[in-house]
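Down below is the structure, laid out as structure tokens.
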Amino acid sequence: MEKTKLDEIISANGSTRKAIIPILQEIQSNFNYLPEEKLRYVSEKMNIPLIDLYSIVSFYSSFSLTPRGKHLVQVCLGTACHVRGAHRVLDETKKKLHIEPDETTEDQLFTLKTVNCLGACALGPIVVVDNNYHGNTRAQKVNAILAQYNSINGNGKDTTE
């Protein structure tokens, strides 16, 4: 993303402090994380101390300072999900992806995260992939869930057609 694109993002959202979260969200949507050089540019352009940007980014779990995979897989470990077997779902997800939480697969396709609550307790255990909720998930369902995202190419087209 060139500086002119960053300038467009800042201009489109407004260069006030209240626009910083939408600006960061848009930058992250382009890179799947927030590269340091982009944060430095936004800091200078908007006259916001870099430490303030890092405070915002580190506060909100939706932001990442490290590259994420194309698909973000979140396994809820909150109380309702936990008592319904979320750890078995997490173990199966780790096994299928060959990664631990907060890691990204070698092919940069998946990043695995654990969360304390997704606000869908009645559907637990729950797995969210790219904001798509998969409720009442069992370990046996993990492979089918991941396969849905594994067969989609960069254009959103199913490659199994």
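A quick note: this is a predicted structure, and the numbers were derived from the prediction, not measured. What's counted below: heavy atoms across the whole structure, side chains too, no hydrogens, waters or symmetry copies.
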Could you measure the distance from the CG atom of L24 to the CG atom of L39? Nearest 0.5 Å is fine.
6.5 Å
Return yes when atom CG of N116 has more than 12 non-hydrogen atoms of other residues, nucleotides or ligands closer than 6.0 Å, and no otherwise.
no
Does some side-chain heavy atom of Q25 sit less than 4.5 Å from a side-chain heavy atom of F63?
yes
Answer yes or no: is there a side-chain heavy-atom contact under 4.5 Å between I23 and M46?
yes
Beyond-backbone contact of T111 with N32, side-chain heavy atoms, under 4.5 angstrom
no
Heavy-atom donor-acceptor pair, T105 side chain to F110 backbone, under 3.5 Å
yes
State whether the side chain of Q28 and the backbone N or O of S62 hold a donor-acceptor pair below 3.5 Å, judged by distance alone.
yes
Between K94 (side chain only) and L112 (backbone N and O only), is there a donor and an acceptor less than 3.5 Å apart?
no
Tell me the closest heavy-atom pair linking D52 and R17, and the distance in Å.
OD2-NH2, 2.9 Å
Sorted by chain and number, sequence neighbours left out, side chain to side chain contact (heavy atoms under 4.5 Å, CB included) with D102 holds for K113
Could you tell me whether a side-chain N or O of S55 sits under 3.5 Å from a main-chain N or O of I51, the two making a donor and an acceptor?
yes
Keeping the roles fixed (side chain from N150, backbone from L146), state whether a donor-acceptor pair exists under 3.5 Å.
no
More than 12 heavy atoms of other residues, nucleotides or ligands under 6.0 Å from CG of D107: is that the case?
yes
In terms of hydrophobic clustering (I, L, V, M, F, W, Y; side-chain heavy atoms under 4.5 Å; direct or indirect links), are L109 and I145 co-clustered?
yes
Hey, what's the ring geometry for H134 with Y149, parallel, tilted or perpendicular (30° and 60° as the breaks)?
perpendicular
With distance as the sole test, does R84 use its side chain to make a donor-acceptor pair with the main-chain N or O of C121 at under 3.5 Å?
yes
Might you point out which heavy atoms bring I126 and C81 nearest each other, and give the distance in Å?
N-SG, 3.7 Å
Donor-acceptor under 3.5 Å (S29 side chain, E26 main chain):
yes
Quick check: does any side chain N or O of S11 sit under 3.5 Å from a backbone N or O of D7, one acting as donor and the other as acceptor?
no
Minimum side-chain heavy-atom gap K38-Y33 below 4.5 Å:
no
For E92 and Q140, indicate whether the former's side chain and the latter's backbone hold a donor-acceptor pair under 3.5 Å.
no
Reference residue V42; test side-chain contact (heavy atoms from CB on, under 4.5 Å); the match among L50, I48, I20:
I20
Counting neighbours of NZ on K141 that are heavy atoms of other residues, nucleotides or ligands and sit closer than 6.0 Å, is the number greater than 12?
yes
